[in-house]
Amino acid sequence: MKLPNPVKALSVSLSLLAGAGVPARASAKTAAPLFPPYVIGNSQLRVLPRSADGRQYQLQVGLPASYATAPTQRYPVLFVTDGYWDFPTIQTSYNNLIYDRVVPEFIIVGLGYAGENLDYGVLRRWELSPVPLDDNGETSGHAADFLRTIEQEII
């Protein structure tokens with residue numbers, strides 16, 4: 001009698017064991033997602049048209065709880081660069097501060113870049129450096145342009 005390859009037998013046994021506790025999936029049309037995506041409440045993602053400099057930004061906007069019920073109220077606005085990284089952190093801190101009544105309600109706007117697989121280092125270097133950094137202004141030194149975009153197109 002020939003014995004099975006022990007590695008192959010172990011692999012099959014582990015595969016069967018691993019699948020034993022997993023319920024069979026229903027078709028994608030009928031089943032709700034097992035783990036729904038996390039969404040930050042009272043927030044929106046807005047992609048802006050290309051700026052005069054050809055840059056494309058997206059805004060993550062956090063709205064106060066009273067925003068929907070107080071359409072005429074004016075709110076302070078906090079603008080945050082690197083919104084793709086910092087917006088969730090700022091929003092969480094804001095929620096704690098509001099709960100403890102340390103700050104008034106305000107709007108949070110996280111500034112970021114629109115698109116997939118972006119090189120944030122290159123994008124940030126172009127607009128966050130106030131002077132050219134060893135490249136004659138080709139890829140850096142455009143902070144004044146970025147400020148103008150914020151003032152004239154984003155705000």
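These numbers come from a predicted model, not from an experiment.
- In the hydrophobic cluster analysis, where Ile, Leu, Val, Met, Phe, Trp and Tyr join through side-chain heavy atoms closer than 4.5 angstrom, L63 is grouped apart from Y99.
- A continuous path of Ile, Leu, Val, Met, Phe, Trp and Tyr side chains, each step under 4.5 Å between heavy atoms, connects L59 with L128, placing both in one hydrophobic cluster.
- Residues I150 and V77 are members of one and the same hydrophobic cluster, defined by side-chain heavy-atom contacts under 4.5 angstrom among Ile, Leu, Val, Met, Phe, Trp and Tyr.
- Pairing each heavy atom of R55 with each of L123, the nearest pair is NH2-O, 2.9 Å.
- Taking Q73 as the reference, S66, A70, Y75, E105 meet the side-chain contact (heavy atoms from CB on, under 4.5 Å) condition, with sequence neighbours excluded.
- Remark: D53 CG to E127 CD distance equals 9.0 Å, nearest 0.5 Å.
- Minimum heavy-atom separation, S140 to L133: OG-N, 2.7 Å.
- For D134, the CG atom is loosely surrounded, since the number of other residues' heavy atoms within 6.0 Å does not exceed 12.
- Here the side chains of D100 and I98 are not in contact, with every heavy-atom distance at 4.5 Å or above.
- One finds the CD atom of Q60 at 9.5 Å from the CG atom of D86 (value rounded to the nearest 0.5 Å).
- Remark: the D82 side chain and the Y84 side chain contain an N/O donor-acceptor pair separated by less than 3.5 Å.
- Between R125 and S129, the shortest heavy-atom contact is O-OG, 2.6 Å.
- V102 and I90 fall within the same hydrophobic cluster, where Ile, Leu, Val, Met, Phe, Trp and Tyr residues are linked whenever their side-chain heavy atoms come under 4.5 Å apart, directly or through other members.
- Side-chain contact between P76 and I107: absent, with no pair of heavy atoms (C-beta onward) separated by less than 4.5 Å.
- Under a hydrophobic-cluster definition in which Ile, Leu, Val, Met, Phe, Trp and Tyr are linked whenever side-chain heavy atoms come within less than 4.5 Å, directly or via other members, Y67 and I108 are assigned to different clusters.
- Interatomic distance, CZ of R148 versus CD1 of I154, reported as 12.5 Å (0.5 Å rounding).
- The closest side-chain heavy-atom distance from Y113 to L111 is not below 4.5 Å.
- With contacts defined as side-chain heavy-atom distances shorter than 4.5 Å, the pair L78/V109 does not qualify.
- Between Y38 and I40, the closest heavy-atom pair is CE2-CG1, 3.8 Å.
- You'll find the side chain of E153 stays beyond 4.5 Å of the side chain of L48, heavy atoms only.
- Aromatic pair Y57/F146: ring centres closer than 6.0 Å.
- In plain terms, the two heavy atoms of F87 and G110 that are nearest each other are CD1-N, 4.1 Å.
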